[in-house]
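Working notes, beginning with the structure itself.
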Amino acid sequence: MHVAGRFVAEALTEVGRLADVGVNLLDLEHHVRAMIKQRGAESCYWDYEPSFGRGPFRNVICLSVNDAVLHGLPHDYTLRDGDVLSADLAVSIDGWVADSARTVVVGTAAEEDLRLIRATEEALEAAIAVARPGNRLGDISAAIWAVADSYGYPVNTEFGGHGLGRTMHEEPHVSNKGRPGRGLTLRPGLTLALEPWLARTTDRIVYDKDGWTIRSADGSRTAHSEHTVAITHDGPLVLTRRAEN
Ligand code: MG
Ligand code: MG
């Protein structure tokens, strides 16, 4: 999973480098597709067909812009100055999966967008810090919620983190809100995708007609940060850490 994680980190670094004013989302999709092919990796999204999607998904990366936050379907859209882009990538290499997401601003950044992104990144780090043996799943959920709440952002509980390993989505579900000291006891060997995501002024979501793209219900801007984390005897090991943010 560390091998897959390193590749996902590299690909998301590349997406952050390429995302710019005038770049089309389909260019990013095709670039990552080429990277995956060259590496001999397998996309976890291609042919992904959960109950809620109008599947199967025929892309390798989720690209969500502005009020879109999860499962953004790459489409013919050219990025504009000030757009907020969330990129979410999961691949498998030699049968092991890693999953990570990041949010960047294209061109001139609005202060409130940077603040929202910072909140998801801080929430993720707070979650990682408590992902250690003997702690409970609720400690992770509570850590995420506490950071979001300190910023004044509401938290949606329909979509959150998850276990992963041989497949992208495994038990347990990791809610982005919860009570400390509750739930599954964390043990070495458990690997979790932790993924706080926030919308500025709502915890409600709406789906696009494409059946995939999830947006904030009130059109407010969004951000999403995700890492794959292994719980080890020595504490949390982040498998998708990028060399630079
Ligand atoms: Mg993901
Ligand atoms: Mg995930």
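Model, not experiment: these values are computed from the prediction. Order of appearance sets the numbers: ligands from 1, and atoms from 1 within every ligand. All values below were derived from every heavy atom in this structure, side-chain atoms included, with hydrogens, water molecules and symmetry-related copies excluded.
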For the Mg ion (ligand 1), give me the closest N/O/S atom belonging to [X], just the atom name.
X	result
Asp99	OD1
Glu226	OE1
Asp88	OD1

Within Glu195, is some N, O or S atom less than 2.8 Å away from the Mg ion (ligand 1)?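 Checking the Mg ion (ligand 1) against Glu195, no N, O or S atom falls under 2.8 Å.
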
Would you say His162 has an N, O or S atom lying under 2.8 Å from the Mg ion (ligand 2)?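 So His162 does bind the Mg ion (ligand 2) by this criterion.
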
Measuring centre to centre across the rings, with the benzene-like ring taken for any Trp, is His169 within less than 6.0 Å of Tyr48?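 Close enough - the centres of the two rings lie under 6.0 Å apart.
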
Are the aromatic ring centres of Trp212 and Phe57 under 6.0 angstrom apart?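 Centroid distance Trp212-Phe57: below 6.0 Å, so yes.
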
Is it true that a side-chain atom of Trp46 and a backbone atom of Pro56 form a donor plus acceptor pair closer than 3.5 Å?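 Not a single qualifying donor-acceptor pair exists.
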
So that I can tick it off, tell me whether Arg215 and Asp208 are bridged by a salt bridge, with the cut-off set at under 4.0 angstrom between side-chain N and carboxylate O.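 Salt bridge flag = yes for Arg215 with Asp208.
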
Under 4.5 Å between any side-chain heavy atoms of Met168 and Asp99, yes or no?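 Yes, side chains in contact.
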
